[in-house]
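Small disclaimer: the values here were computed from a predicted structure and weren't measured.
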Amino acid sequence: MAAIARVRIPLRSSVTSKPSTPALSLPTPSLWTWRRARAPKPQQPQSARTFTTSQALTEKKFTVDHEWIELSDDGKTGTIGITTYASRALGDVVYVELPTLDLSVSAGDTIGAVESVKSASDILTPVSGTIVAANDVLEEKPGVINKGPEGEGWVARIELAEGAGEEVGRLMDRGYEAMLGDTREEVKE
């Protein structure tokens with residue numbers, strides 16, 4: 001194996017007053033830094049551009065009765081369902097009564113029911129409006145509510161009535177988690 005000798009050659013300028021001192025002294029790079037500097041850099045894949053919306057419009061709002069609503073981007077319609085806490089408290093859901101379409105409701109009205117092995121519970125609407133859609137999957141597979149109560153287990157879509165924005169403003173967002181407190185531990189059984 002051959003030894004690599006490092007030779008430092010001072011650079012001199014003919015303009016300097018002291019020819020014995022180098023005008024510029026550059027460190028010689030080691031073989032490792034030279035190879036690393038010359039190695040091609042891997043290309044980073046460009047991430048897809050995403051669009052964001054206002055968090056105030058897309059976050060879920062909750063009631064004290066454990067229902068939720070998530071407004072659409074335009075704020076004219078909303079999706080209604082029961083919370084994860086409620087689905088755990090009910091246990092295995094065996095039947096879901098869905099609301100009828102074009103039903104006009106006020107905040108707090110019953111729009112359906114959920115029956116489980118343990119108990120039954122009414123589903124209340126958090127805002128006033130007209131029911132425009134129901135999740136028909138729940139009629140055939142009511143257990144979807146247990147798997148994703150705040151996702152694919154939604155119950156109905158509602159077109160908000162005039163002035164329903166005030167009702168939405170009175171609902172809880174992060175305060176819902178604080179309201180639950182330690183009661184979540186009791187439901188896990």
- Contact check, side chains of Val144 and Val96, non-hydrogen atoms, under 4.5 Å: no
- Residues Ser104 and Thr130: closest non-hydrogen pair is OG-OG1, 3.7 Å
- Query: Is there a path of hydrophobic side-chain contacts, each under 4.5 Å between heavy atoms of I, L, V, M, F, W or Y residues, that connects Val168 with Ile123?
  - Reply: yes
- Query: So, the side chain of Ser128 versus the backbone of Ala107: is there a donor-acceptor pair under 3.5 Å, distance only?
  - Reply: yes
- Stepwise, does the side chain to side chain contact (heavy atoms under 4.5 Å, CB included) test hold for Ile82 with Leu90? CA-CA 11 Å; Ile82 65 170; Leu90 285 168; 4.1 Å; yes
- Item | Thr63 and Asp65: CA distance, side-chain angles, deciding distance, side chain to side chain donor-acceptor pair (under 3.5 Å) verdict | CA-CA 5 Å; Thr63 68; Asp65 297 318; 4.9 Å; no
- Task: Check whether any side-chain N or O of Asn135 sits under 3.5 Å from a backbone N or O of Trp154 as a donor-acceptor pair, and report yes or no.
- Result: yes
- Message: With clusters defined by side-chain heavy atoms of hydrophobic residues (ILVMFWY) lying less than 4.5 Å apart, directly or transitively, does Val137 cluster with Val94?
- Response: no
- Could you give the distance from CD (Glu97) to CD (Glu115), rounded to the nearest 0.5 Å? 8.0 Å
- State plainly whether one hydrophobic cluster holds both Leu101 and Ile111, where clusters connect Ile, Leu, Val, Met, Phe, Trp and Tyr through side-chain heavy atoms under 4.5 angstrom apart. yes
- Message: Just so I know, are the side chains of Val155 and Val114 near enough to count as touching, which here means a heavy-atom distance under 4.5 Å?
- Response: no
- Message: So which atom in Pro149 and which in Trp68 form the shortest heavy-atom distance, rounded to 0.1 Å?
- Response: O-NE1, 3.2 Å
- Message: If you count heavy atoms of other groups shown closer than 6.0 angstrom to CD of Glu159, is the number above 12?
- Response: no
- Nearest-0.5 Å distance that lies between atom CD in Glu152 and atom NZ in Lys141: 9.5 Å
- State whether the side chain of Lys60 and the backbone N or O of Glu150 hold a donor-acceptor pair below 3.5 Å, judged by distance alone. yes
- Query: Where is the tightest heavy-atom contact between His66 and Ala86, given as atom of each residue plus distance?
  - Reply: CB-CB, 3.7 Å
- Report the C-alpha separation of Arg88 and Thr84 in whole Å, then their side-chain angles, then the decisive distance to 0.1 Å, and conclude whether the side chain to side chain contact (heavy atoms under 4.5 Å, CB included) test is met. CA-CA 6 Å; Arg88 288 182 183 159; Thr84 303; 3.8 Å; yes
- Task: State, to 0.1 Å, how close Thr125 and Ser106 come at their nearest heavy-atom pair, and which atoms those are.
- Result: CG2-O, 3.1 Å
- Note on the structure: Heavy-atom nearest pair, Ile158 first then Val127, reads CD1-O, 3.7 Å
- Message: Just so I know, are the side chains of Ser87 and Val93 near enough to count as touching, which here means a heavy-atom distance under 4.5 Å?
- Response: no
- Minimum heavy-atom distance Ala134-Pro99, with the two atoms named: CB-O, 4.0 Å
- Message: Would you say that Thr100 contacts Ile131 through its side chain, given a criterion of any heavy-atom pair below 4.5 Å between the two side chains?
- Response: no
- Leu138 with Val132, same ILVMFWY side-chain cluster at under 4.5 Å: no
- Rounded to the nearest 0.5 Å, what separation is found between the CD atom of Glu70 and the OG1 atom of Thr79? 6.5 Å
